[in-house]
Amino acid sequence: MAPGKPQIIQKQKRDESSKLDVIIVGAGLGGLGAAISILLAGHNVHILESAPEIGEIGAGIQCLPNSTRVLISWGLEEHFSQHATSPRLCNMIGWKGNKISDMDFHEYEKECGTPFWDFHRANLHMGLLERAVELGAKLTVKTRVVDVEYVDDAQNNATSAIAVCTDGTRYKADLVVGADGINSKCREILLGHEDPPLLTGDLAYRLLLNTEDMMKDPELRGFVEDPQVNYWIGPDAHAVNYVLRGGKLFNMVLLVPDDMPAGANTLAGNVEEMRALYKDWDPRIPKLLALCQSVAKWRLMIRPGLDPTWSHESAAYTILGDAAHATLPYLASGAGMSLEDGHVLGLCLAKIKNKSTAEKKRALAVYERCRRERTERVVSRGNRQQYLYHVHDGPEQKDRDRMLRAFGSFNGK
Ligand code: FAD
């Protein structure tokens, strides 16, 4: 059965005896999403962010129907539909320019009940921030959390956690949620030891083009006039592009073997080096890259799983998003999973009847049960996608193309 349109969640009224004070560490997409969902559940939220101001580094982001369902249920359809582009097709193209398959996104949206949206990250980020603040979130920037301590109030059968910051400030809450991204300190605190993310062997060049330049070229203007998501896939590399902001900007991500020096995870990239990597590809790619002025280089890392659990035994501390399950961006799902985590956590906290440890434990156990299997599956599918996208020409590539044609032929019927 088609899931239909999502219901918009109304803010729950609750009395003080069951209202949790929640601290969220990190105002990224996951942290802000969790703030909205937890506020809608009727609790108080204070977000601690290490950056001096809220802004999103990076360029485009694709939101698949599972994550736009979450955004719409938070009352953000009207706001985000002004900022999003809704691409018509997703094309799989061989590295020399041969089209392998396509998927009709608009048909697929009818099945899902919610759209595919492509955003500039800043628009997604600011929309979430505004909604969180409108619902009552308190935000403190320039505040880095370096430790979490636990307090057991046995008399009241309750626990709390204290987020300790670099400057020694201590924030006490009934629940601390670590949403501090792939290089998570919160994950390390939960585990009690260092646990760096794993290298994947790939990096991403990320760039934005001004579409005015593209419109002057008859071959490139089609990319702007008819918004589609394009994946060129080839030996050891692939390239993804789509338009943003109603066709004003063109987002490109180019995925290649990692040659970054140890320790540096983001750097300014060298445009000439990037162009050289794609000089023999479909001529439209070198043509697009000729318009590029500057590029950023991101090392791609993952976090396949988190054992034994996502939450501390006190039930006063949990984590979400990339801190728990960072994935390769090859299914365009990392941010979507962070938003879903926050959504589910909020729904679980909406059920609690008092602030007791037992109630929080139940809520956190359901949260993890709903999220662990799915997120681990997406991380492992992302790894599989790395292999599939980067296969060299030959029998395996032919099998891969056959499979893509079978998958891409889905037309919503
Ligand atoms: P983050 O966005 O990293 O936010 C963490 C926040 O915590 C930051 O604001 C940081 O400043 C703050 N912080 C860190 N440490 C502390 C601390 N100790 N104290 C306080 N604050 C702290 N996903 C998609 O769904 N679709 C896509 O199309 C897509 N494309 C991608 C393309 C690329 C090239 C890459 C690299 C990723 C892509 N992703 C995509 C994945 C997506 O960007 C991430 O999964 C998502 O941003 C994770 O959100 P998060 O909130 O968990 O972490």
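When a ligand or atom number is given, it counts from 1 through the structure's own listing order. Fair warning: this is a prediction, and the values are worked out from it, not measured in the lab. Residues: numbered from 1 along the sequence shown.
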Asks: Which atoms of ligand 1 have any heavy atom of A204 under 4.0 Å away?
Replies: 34 (C)
Asks: Does a salt bridge link K398 with D401, judged by any charged N lying under 4.0 Å from a carboxylate O?
Replies: no
Asks: Below 4.0 angstrom from a heavy atom of G181, which ligand 1 atoms are there? Numbered from 1 as shown, please.
Replies: 3 (O), 5 (C), 53 (O)
Asks: Just by distance, with hydrogens left out, do N251 and H120 show a side-chain donor and acceptor under 3.5 Å apart?
Replies: no
Asks: Only heavy atoms count here, so choose which of E340, H325, R299, R121 is nearest to atom 40 (C) of ligand 1.
Replies: R121
Asks: Number the atoms of ligand 1 from 1 as they appear, then name those within less than 4.0 Å of a heavy atom of G321, with their elements.
Replies: 52 (O)
Asks: Quick check: does Q62 get an N/O under 3.5 Å from an N/O on ligand 1?
Replies: yes
Asks: Taking NZ, NE, NH1 and NH2 as the nitrogens, is one of them in R170 or E149 under 4.0 Å from a carboxylate oxygen of the other?
Replies: yes
Asks: Backbone, side chain, both or neither: what part of S338 comes under 4.0 angstrom of ligand 1, heavy atoms only?
Replies: side chain
Asks: Do D393 and K96 sit within salt-bridge range, that is, some charged N less than 4.0 Å from a carboxylate O?
Replies: no
Asks: Using the ring of W310 (Phe, Tyr or Trp, six-membered ring only), decide whether R371 places NZ or CZ under 6.0 Å from its centre and within 45 degrees of its axis.
Replies: no
Asks: Between W298 and ligand 1, does any nitrogen or oxygen pair lie at a separation below 3.5 Å?
Replies: no
Asks: Show the atoms of ligand 1 that are less than 4.0 angstrom away from any heavy atom in L48.
Replies: 20 (C), 21 (N)
Asks: Mark up the atoms of ligand 1 that fall under 4.0 Å of a heavy atom belonging to L300, in ascending order.
Replies: 36 (C)
Asks: If we count only N and O atoms by modelled type, under 3.5 Å, do the side chains of H312 and T318 hold a donor and an acceptor together?
Replies: no
Asks: Going by heavy atoms, is T143 under 4.0 Å from ligand 1?
Replies: yes
Asks: How long is the gap from NZ on K248 to OG1 on T85, to the nearest 0.5 Å?
Replies: 9.5 Å
Asks: With a 4.0 Å cut-off on heavy atoms, is M337 touching ligand 1?
Replies: no
Asks: Within a 6.0 Å radius of atom CZ on R275, are there more than 12 heavy atoms belonging to other residues, nucleotides or ligands?
Replies: yes
Asks: Should the pair E396-R400 be classified as a salt bridge under the 4.0 Å nitrogen-to-oxygen rule?
Replies: no
Asks: Between L32, V145, I47, flag the one that comes closest to atom 19 (N) of ligand 1 by a heavy atom.
Replies: V145
Asks: Between the candidates N183, D322, T327, which shows the shortest non-hydrogen contact distance to atom 52 (O) of ligand 1?
Replies: D322
Asks: Is it the side chain, the backbone, both or neither of S333 that has a heavy atom closer than 4.0 Å to ligand 1?
Replies: backbone
Asks: Are E376 and R372 within salt-bridge range, i.e. N to O under 4.0 Å?
Replies: yes
Asks: List every atom of ligand 1 that sits less than 4.0 Å from any heavy atom of A179, numbering the atoms from 1 in the order shown and giving each element.
Replies: 5 (C), 6 (C), 7 (O)
Asks: Does L255 come within less than 4.0 Å of ligand 1, judged by its heavy atoms?
Replies: no
Asks: Can you tell me which portion of A335 lies within the under-4.0 Å heavy-atom range of ligand 1? Options are side chain, backbone, both, or neither.
Replies: both
Asks: Can you name the atoms of ligand 1, numbered from 1 with element, that are less than 4.0 Å from a heavy atom of G336?
Replies: 25 (O)
Asks: Using the six-membered ring wherever Trp is involved, compare the ring planes of F119 and F80 and label them parallel, tilted or perpendicular (cut-offs 30° and 60°).
Replies: perpendicular
